[in-house]
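Here's the structure we're looking at; comments come further down.
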Amino acid sequence: AARIALWAPSSVQSLAASVMEKCEQWRPGDFLEAIAGAELVGVAGRLAVETAGTVAQAERCLHLVLQARSADGGFSVRRGQEPGSVGTALALRALADLQRSVYVDPAVVVAGAEWLVRAQSSNGYWSPEPTYLTDARWGSLENVNLPATALAATAVAQVAPPTARQ
């Protein structure tokens with residue numbers, strides 16, 4: 001019964017109002033904040049509650065995400081670092097959410113997806129950036145490549161054209 005109540009019209013309207021408030025108030029300052037902001041914009045788009053504030057948020061997030069892009073199409077989580085599979089996967093997922101509200105150059109998305117495909121190792125995994133391997137949460141995993149692989153595979157599938165998914 002709780003699951004049904006969650007999706008009652010009043011709950012969806014409440015969620016939509018909360019998302020709109022966050023979109024209009026939050027000012028992302030770096031790549032990871034822009035990724036989170038893009039998620040909010042995506043939720044607003046899926047709930048069909050876009051406003052001028054949502055579009056402005058999408059534009060801010062897009063600007064920050066594009067600042068993390070390297071010449072070879074990949075994205076880095078932190079400024080000054082080489083692009084990596086985690087950063088590129090997060091960026092592609094964000095771009096997919098943002099293109100619901102603002103224009104995203106398809107060439108940027110294609111270049112990012114191609115970067116991820118080139119970064120896939122011969123065993124099928126994607127490796128996380130070295131900075132993640134020093135994080136205790138990643139270092140304690142039995143297979144440190146699994147989270148990066150899940151992110152990368154999801155991102156490529158999310159931006160692939162429908163004909164490529166068949």
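- The heavy-atom pair separating Trp115 from Pro83 by the smallest distance is CZ2-O, 3.7 Å.
- Shown here is Glu82, whose CD atom has no more than 12 heavy atoms of other residues, nucleotides or ligands within 6.0 Å.
- Screening Val110, Leu116, Val117 for a side-chain contact (heavy atoms from CB on, under 4.5 Å) with Glu114, the sole residue that qualifies is Val110.
- If you take CG on Asn123 and CG on Asn145, they are separated by 6.5 Å, rounding to the nearest 0.5 Å.
- A donor-acceptor pair under 3.5 Å is absent between the side-chain atoms of Ser121 and the main chain of Trp126, judged by distance alone.
- Judged purely by atom type and a 3.5 angstrom limit, Glu129 uses its side chain to pair as donor or acceptor with the backbone of Val86.
- We find the CD-CG distance between Glu33 and Leu64 to be 8.5 Å, quoted to the nearest 0.5 Å.
- For the atom pair CG (Leu98) and CD (Glu59), the distance works out to 10.0 Å, reported to the nearest 0.5 Å.
- Within the 4.5 Å cutoff, no side-chain heavy atoms of Leu95 are placed close to those of Val159.
- Pairing each heavy atom of Ala94 with each of Val65, the nearest pair is CB-CG2, 4.4 Å.
- Side-chain atoms of Thr88 come within 3.5 Å of backbone N or O of Phe75 as a donor-acceptor pair.
- The two atoms that bring Ala96 and Gln158 nearest to each other are CB-NE2, 3.5 Å, heavy atoms only.
- Closest approach of Ala34 to Cys61, counting heavy atoms only: O-SG, 3.5 Å.
- Using a 4.5 Å heavy-atom threshold, the side chains of Ile35 and Val77 count as separate.
- Rounded to the nearest 0.5 angstrom, Leu92 CG and Thr154 OG1 are separated by 11.5 Å.
- In this structure, the separation between CG on Asp97 and CG on Leu40 is 9.5 Å, given to the nearest 0.5 Å.
- Hydrophobic clustering (side-chain heavy atoms under 4.5 Å, transitive across Ile, Leu, Val, Met, Phe, Trp, Tyr) groups Val109 together with Val102.
- Between Ser85 and Ala148, the shortest heavy-atom distance links the atoms OG-CB, 3.9 Å.
- Minimum heavy-atom separation, Gly87 to Phe31: O-CZ, 3.5 Å.
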